[in-house]
Amino acid sequence: MTVQAVKGTRDILPDEARRWQRVEEMARRQFRRYGFREIRTPIFESTELFARGIGEATDIVSKEMYTFTDRGERSLTLRPENTAPVVRAAIEHHLFQRVDCERLYYIGPMFRYERPQKGRMRQFSQIGVEAFGSDAPALDAEVMEMSMVFLEGLGISAATLAVNSVGCKECRGVYREKLREALAGRVGELCVDCQRRYRENPLRILDCKVGCRRLLAHAPTLLDTLDAPCREHFEQVRGTLDLLQVPYQLDPHLVRGLDYYMRTTFEVLGASLGAQDALLGGGRYDGLVEELGGPAVPGFGFACGLDRLVLSLPEPSGPSREVPDVFVAALGDAAWERALLLVRDLRRRDLWVEWEPARGKALKSQARKADRLGARHTLFLGDEELRRGFWTLKTMEGGSQREIPSADLEGLVKELVG
RNA sequence: GUGAGUGUAGCUCAAUGGCAGAGCACCUGACUGUGGAUCAGGGGGUUGAGGGUUCGAAACCCUCCACUCACCCCA
């Protein structure tokens, strides 16, 4: 067996790469309107950054990281997400000295060691945004609104926005105990996983797919337990979403898997994605910058899975692929040399030009190649054309031919683009 | 990490223990200065790998590998 792409990675071939380009262009265009500017950070970082930023006990840090030791005995990790690296970069380069809100976005590959599945690869791409410097509820709503506009711009209309508040550290501590109380007598009825969750992180039981959450039907929700400032914040977030006329679903069970989230959390779910249906997810992380050694700067952001986004894209309505403007076919040595120059000149006029670099190929095989490439036109150049000073231009669809004076490059270009 | 399903030509798939095939794609010719349609021909395979059962294995058994979906978790 020859070498193939390693498990959980894949090649994006040219036809599909065009779809990726469209997504990235749309993101850059939309995010710019909201004042976000691109930042590019390294693909690997010190392991410590993720351990401290994401949380030691999370699934990502405890079992999903690509961690290795380099020749200088440093422990490094391929980034499993990019919020912590962006915060690290912003601290390192003093981006928080600006009085206004610094807004950044990134596009690039992330790495997590998981079993591959539909919409989930070990190397996957995210496009994400981070807005720093404000804890105002309207910022949360503004960024969520932007994410929906972005998806709509790509023609993804079936997406639903789910919103929740997980409160601050204090709220969660109180709630954790309430959940334990509510389940105290019925731990045995939980599934194996949830019995473990009961001990380690009872909030995760809310996310159980097997149905354990039914035992919590009458238990208080996290929302009911929010303290006054968190409750007020969340009400204003929802109020602003209403003002912006952004439809959303309140999902009290929405719990994020990274430790740094607080207060607002949200996800956008796509249709027709199978089990991995979160197109995009994020929330507020007011303590993170400080945790990583920076000033007390609040933040709000999200990350969007590009692989899943591309899977969700509607079928393009236009032609499925781009085709050359013209194929230049030459017969004979003298014509071949003239053709070489013509190919160069047409390319300098910004046309997509194909030809047959091997001298002396039968005209028939050149015409066949033009057809296979899907060229819109073929330009024939032989002894006859050289002697009388013209080109034979054939329109492939329909097959009509006509003669164009070879001195008139402008006229030829007009014919080819028209 | 757990479970299930699937591995045969470049692609999609047949062949149920008895000669490894079809369609599409590709190449050549019919057609010496012109593509597509048609017709004729051609190249292509360690049947994922290794072992076992059998007179005989693509098929049955074992091990491994890969892919797919799901669990877990997440984008």
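The model shown is predicted, which means the values in this text are computed figures rather than measured ones. Chain A is the first sequence line, chain B the second, and so forth, proteins listed ahead of strands; every chain is numbered from 1.
Taking the P atom of each, B:C72 and B:A66 are spaced 24 Å apart, rounded to whole Å. Annotation: B:C19 and B:A59 have their P atoms spaced 14 Å apart (nearest Å). Distance noted for atom C1' between B:G42 and B:C61: 41 Å (whole Å). Taking atom C1' on both B:A49 and B:C67, the two are 15 Å apart, rounded to the nearest angstrom. Using atom C1' as the reference point in both B:G7 and B:C64, the two lie 14 Å apart (nearest Å). B:G36 and B:A25 have their C1' atoms separated by 15 Å, with the value rounded to a whole Å. One C1' atom belongs to B:G35, the other to B:A20, and the distance between them is 36 Å to the nearest Å. Comparing the P positions of B:G17 and B:U12 gives a spacing of 26 Å, expressed to the nearest Å.
Using a 4.0 Å cut-off between a side-chain N of Lys or Arg and a carboxylate O of Asp or Glu, A:Arg37 and A:Glu102 qualify as a salt bridge. Taking 4.0 Å as the cut-off between side-chain N and carboxylate O, A:Glu384 and A:Arg388 count as a salt-bridged pair.
Cation-pi check for A:Arg122 over A:Tyr113 is met; the charged atom lies under 6.0 angstrom from the ring centroid and within 45 degrees of its normal.
A donor-acceptor distance shorter than 3.5 angstrom exists from the side chain of A:Arg347 to the backbone of A:Val353, with no hydrogens or angles considered. In this structure, the side chain of A:Arg120 engages the main chain of A:Arg115 through a donor-acceptor pair within 3.5 Å.
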Would you tabulate the pairs of protein nitrogen or oxygen atoms and nucleotide nitrogen or oxygen atoms of nucleotides 29-34 of chain B closer than 3.5 angstrom?
unit_1, atom_1, unit_2, atom_2, d
B:C31, O2, A:Lys364, NZ, 3.2
B:G33, O6, A:Glu384, N, 2.9
B:G33, N1, A:Glu385, OE1, 2.8
B:G33, N1, A:Glu385, OE2, 3.3
B:G33, N2, A:Glu385, OE1, 3.4
B:G33, N2, A:Glu385, OE2, 2.5
B:U34, O2, A:Lys394, NZ, 3.1
B:U34, O2, A:Gln401, OE1, 3.0
B:U34, N3, A:Gln401, OE1, 2.8

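Contact between the side-chain N/O atoms of A:Gln117 and the OP1/OP2 oxygens of B:C69 is not found at any separation under 4.0 Å.
No engagement by A:Gly128 is indicated, since no non-hydrogen atom pair under 4.0 Å with the nucleic acid exists. Here A:Gly399 lies in heavy-atom contact (under 4.0 Å) with a base. Note on A:Glu114: a base of the nucleic acid sits closer than 4.0 angstrom, heavy atoms only.
Side chain of A:Arg120, nearest nucleotide from B:G36, B:A66, B:C73: B:C73. Nearest nucleotide to the A:Met396 side chain, out of B:A75, B:G35, B:C27: B:G35.
To the nearest angstrom, C1' of B:C73 lies 8 Å from CD of A:Gln276. One can place CZ of A:Arg115 at 8 Å from C1' of B:G1, the figure rounded to the nearest angstrom. Rounded to whole Å, the distance from CG on A:Leu161 to P on B:A75 is 15 Å. Atom CG of A:Asp59 and atom C1' of B:C74 are 9 Å apart (whole Å). Following rounding to the nearest Å, A:Leu258 (CG) and B:C73 (C1') show an atom-to-atom distance of 11 Å. Protein atom CG of A:Leu269 is 14 Å distant from nucleotide atom P of B:C74, rounded to whole Å. When rounded to the nearest whole Å, the span between CG of A:Asp15 and C1' of B:C11 equals 14 Å.
When each of A:Ala5 and A:Ala303 is assigned the nucleotide of RNA chain B with its nearest heavy atom, A:Ala5 is the one assigned upstream, toward the 5' end. For the pair A:Gly398 and A:Ile60, nearest-nucleotide mapping onto RNA chain B gives the more 5' position to A:Gly398.
The only member of A:Phe302, A:Phe150, A:Phe31 that meets ring pair (Phe, Tyr, Trp, His ring centres under 6.0 Å) when paired with A:Tyr105 is A:Phe31.
Between the side chain of A:Arg372 and the base of B:C26 there is no donor-acceptor pair of N/O atoms closer than 3.5 Å. Side-chain N/O atoms of A:Arg112 and base N/O atoms of B:A75 include a donor-acceptor pair closer than 3.5 Å.
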List, one per line, each side-chain donor-acceptor pair under 3.5 Å for residues 328-340 of chain A, sequence neighbours excluded.
unit_1, atom_1, unit_2, atom_2, d
A:Asp333, OD1, A:Arg359, NE, 3.4
A:Glu337, OE2, A:Arg359, NH2, 3.4

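Using a 4.5 Å heavy-atom threshold, the side chains of A:His233 and A:Met262 count as separate.
Note that CD of A:Glu322 is 4.5 Å distant from CZ of A:Arg18, once rounded to the nearest 0.5 Å.
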